[in-house]
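Working notes, structure below.
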Amino acid sequence: MTVPFGANDGPIIPRPALTLPALRQAVATVAPSRLPEFFEELQDAFVRAGEEDSVVPIRMFYQRWGVVVEIERYPATARRLHAAERRVDSADPEARNQAVREAGDIVRAAHREVAGG
């Protein structure tokens, strides 16, 4: 049975706007250890945007980090995702398949939430 996104779990911060200042603050609050990754991906997105003469890489960066924050702002949901990610390396094929399904369900639900519904 799939547990609905954020079930039995309240958000520790409001959902941030998909802007650089709001996402940076949100990541610093809910996943501070990921700030170096955030800034590295930010730089990569701006480089790609310049190379491609397109804002699409920047929009993709905002969407990706909006999803990360959406998951991490619900501690129990984040714990479920991280546990599933660890089980993906299981020697048991059924455990691996279940972990992949659970992680996928969580990420897809976070994408829907960030997209507005």
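- Here the closest non-hydrogen pair linking V27 and L35 is CG1-CD2, 3.7 Å.
- Contact detail for A17 and L23: the closest heavy-atom pair is O-CG, 3.8 Å.
- Criterion: ILVMFWY side-chain heavy atoms under 4.5 Å apart, direct or through other members. Under it, V88 and I71 are not part of a common hydrophobic cluster.
- Of all heavy-atom pairs spanning L20 and F61, the tightest one is CD1-CE2, 4.4 Å.
- Heavy atoms from other residues, nucleotides or ligands lying under 6.0 Å from CD of Q63 number more than 12.
- Remark: V55 pairs with R59 by the side chain to side chain contact (heavy atoms under 4.5 Å, CB included) rule, at least two apart or across chains.
- In the hydrophobic clustering of ILVMFWY residues, with side-chain heavy atoms under 4.5 Å counting as a link, V56 and L18 come out apart.
- Note: E113 CD to R15 CZ = 5.0 Å, rounded to the nearest 0.5 Å.
- Considering CZ of R96 and CZ of R101, their distance stands at 12.0 Å, rounded to 0.5 Å.
- The two residues R87 and A99 have their closest heavy-atom pair at CB-CB, 3.6 Å.
- A salt bridge does not link R86 with E102: every distance from a Lys NZ or Arg NE/NH1/NH2 to an Asp or Glu carboxylate oxygen is 4.0 Å or more.
- Interatomic distance, OG1 of T19 versus CD of Q25, reported as 11.0 Å (0.5 Å rounding).
- Between W65 and the options M60, E37, E70, R24, a side-chain contact (heavy atoms from CB on, under 4.5 Å) holds for only E37.
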Open item on the list: For I58 and F46: C-alpha separation, side-chain torsions, deciding distance, then whether side-chain contact (heavy atoms from CB on, under 4.5 Å) applies.
Closed with: CA-CA 6 Å; I58 296 166; F46 275 89; 3.6 Å; yes
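- Using a distance-only test at 3.5 Å, with no hydrogens or angles considered, a donor-acceptor pair links the side chain of R73 to the main chain of I13.
- Atom CD1 of I12 is separated from atom CD of E72 by 8.5 Å, given to the nearest 0.5 angstrom.
- Nearest heavy atom pair, residue P57 against residue E52, reads CG-OE1, 3.4 Å.
- What you find for Y74 and G10 is that their closest heavy atoms are CD2-C, 3.8 Å.
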